[in-house]
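Let me begin by presenting the structure, written as structure tokens, before commenting on it.
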Number of protein chains: 2
Amino acid sequence: MLKEERQQTILSEVALHNRVLLTDIAEILEVSIDTVRRDVKELDAENKLRKVHGGAISLGFTNQSKRNTNTYALEQKIVIAEKASHLLRNGGVIFIDGGTTCLELARLIPDDLQLTCFTLSLPVAFELLNKPNVEVIFIGGKISKDAQISMGANAVHNLSEINVDYSFIGTGYVDVLHGLTEFDWDIVQVKKAVIKAAKKMVLLCISEKLNSQHRFKTCDINAINTMVTELAPENNLLNLFRNHDIRLL
Amino acid sequence: MLKEERQQTILSEVALHNRVLLTDIAEILEVSIDTVRRDVKELDAENKLRKVHGGAISLGFTNQSKRNTNTYALEQKIVIAEKASHLLRNGGVIFIDGGTTCLELARLIPDDLQLTCFTLSLPVAFELLNKPNVEVIFIGGKISKDAQISMGANAVHNLSEINVDYSFIGTGYVDVLHGLTEFDWDIVQVKKAVIKAAKKMVLLCISEKLNSQHRFKTCDINAINTMVTELAPENNLLNLFRNHDIRLL
DNA sequence: TATTATTTTGCCGTTTTATGCTTTTTATTT
DNA sequence: AAATAAAAAGCATAAAACGGCAAAATAATA
């Protein structure tokens with residue numbers, strides 16, 4: 001049997017069943033496991049499948065980390081995410097909120113960092129799947145079509161059963177006086193649950209949102225332990241936040 | 001024998017069997033292996049076939065592998081999804097499993113159909129967000145990097161609290177005798193929970209998977225109410241399933 | 001027809017590739 | 001931490017590819 005034939009067979013097996021054992025393939029093809037291993041290695045190198053310990057899995061839709069190019073103020077958000085990523089510690093248990101800034105944070109998690117991440121956000125969850133050492137736990141619930149996050153009583157309840165070291169969240173509006181506020185009441189309910197579930201809160205927020213407010217309140221400003229903006233921590237725009245025991249990054 | 005003739009023979013052999021061994025050809029044509037090798041080299045240069053170590057393969061053979069970059073057997077899966085979509089009723093409460101076939105079903109849900117959909121699969125959830133009249137509820141849990149679905153105790157528990165009319169599921173392997181089987185034990189646990197949560201089960205399965213099995217059992221074949229393949233219901237390949245009170249589509 | 005030039009073919013030694021086996025290292029599970 | 005399974009590395013063998021060479025076949029030409 002030709003090598004090409006073998007590899008073709010392997011590919012169809014993988015495509016058919018999504019995952020295969022090297023030993024099974026070896027048996028089917030009647031070749032040594034080494035040969036199969038080498039074949040799978042090659043196919044992996046050609047990006048035809050993904051080799052895993054003991055077998056291979058289909059790429060499926062895995063390769064769809066297409067960055068949304070039209071993120072508003074992307075540059076600044078990346079700066080924020082970059083700063084925030086320094087708060088991550090190996091072995092940490094964290095929550096990552098939805099929103100484009102948090103999504104950037106998820107993207108910036110180093111491959112070698114071992115984390116347990118909770119999230120409500122489908123895009124964040126997707127992004128986290130690319131991180132080899134991140135355990136992803138999705139908080140289920142009714143999914144909001146626009147925010148693409150779990151919401152509603154179910155999500156709130158599920159959040160009530162977890163407890164994380166750090167929670168990285170975004171907000172619609174923030175203001176020293178009124179704290180974190182949102183346009184949407186349902187969102188606020190979920191965010192409150194997130195806050196309850198976290199030991200420490202990190203707010204990721206572009207400076208443009210500072211000193212703005214809306215009608216529904218998520219929490220007071222001093223519920224926030226660390227605030228990360230794209231500005232330098234000593235920037236005057238942040239003065240108002242300085243006397244609130246908030247760490248500025 | 002003329003060179004032209006020889007090469008023609010080689011080509012037809014390749015066309016017929018998709019592949020040839022140089023040694024076989026040499027024997028058939030009663031020429032030295034070197035001659036065959038040179039012939040094949042020429043034909044390869046003319047793009048009439050592809051030379052590989054030890055033989056040659058037809059061009060069509062390799063092109064098939066390109067299709068794998070997307071979804072394996074996509075055509076058939078769309079056919080299946082199309083048939084399955086006729087089972088959907090306005091106002092229905094359903095569950096949609098992960099996997100590419102189920103993903104196609106999610107894609108095919110009409111915009112005007114009002115549904116409540118539970119799912120464990122991130123890609124399916126994403127797809128469903130595009131459907132204006134579908135309420136999406138994601139069953140949370142630890143997300144499997146391979147299958148991109150919720151798994152583990154949490155997912156199982158969350159499933160225990162729901163009840164749907166129809167559950168559309170896929171399977172790794174299916175066989176009349178051994179029922180639905182999987183490669184992965186954890187997957188089986190989740191699928192069992194799915195089955196418990198559904199009044200009726202619809203299995204979406206390309207015919208290629210019929211009469212295959214693996215080591216972990218999800219359920220007996222008669223746990224399935226309806227089976228959808230890309231074949232016509234009266235196809236002989238489905239005969240074995242006929243006396244199991246399964247509706248074939 | 002005889003001679004020469006060109007192409008084709010087979011042969012041989014060398015190099016490369018493929019494969020299986022054994023041992024060591026690394027991952028995973030208990 | 002021990003036991004097990006898998007991957008990697010190295011080695012040996014056999015098959016295949018390659019390049020050069022010369023004989024044979026074919027074509028061209030005098």
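In what follows, every chain begins at residue 1, and chains take the letters A, B, ... in the order their sequences are listed.
With T119(B) contributing its side chain and A125(B) its backbone, the two residues share no donor-acceptor pair below 3.5 Å. One N or O on the side chain of K83(A) and one on the backbone of L249(A) form a donor-acceptor pair closer than 3.5 Å.
The distance from atom CZ of R37(A) to atom P of dA9(D) is 12 Å, rounded to the nearest whole Å. When rounded to the nearest whole Å, the span between CZ of R50(B) and P of dA17(D) equals 13 Å. Straight-line distance from the CG atom of D44(A) to the P atom of dA6(D): 18 Å, rounded to whole Å. Between the C1' atom of dG19(D) and the NZ atom of K41(B) lies a distance of 9 Å, rounded to the nearest Å.
For K142(A), the salt bridge (charged side-chain N to carboxylate O under 4.0 Å, His left out) criterion is met by E135(B), not counting sequence neighbours.
Under 4.0 angstrom from either OP1 or OP2 of dA6(D) there lies no side-chain N or O belonging to K51(A).
Here the options are R37(A), K48(A), K3(A), the test is side chain to side chain donor-acceptor pair (under 3.5 Å), and the partner is E42(A); only K3(A) passes.
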**Asked** When you check every protein heavy atom under 4.0 Å of nucleotides 17-30 of chain C, what one-letter string (B, S, -) results, 5' to 3'?
**Response** SSBBBB----SS--

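Heavy atoms of V40(B) sit nowhere under 4.0 angstrom from any nucleic acid atom.
Within a 6.0 Å sphere centred on CD of E46(B), other residues, nucleotides and ligands contribute more than 12 heavy atoms.
Contact check on E4(A) versus R19(B) returns no salt bridge, with no Lys/Arg side-chain nitrogen under 4.0 Å from an Asp/Glu carboxylate oxygen.
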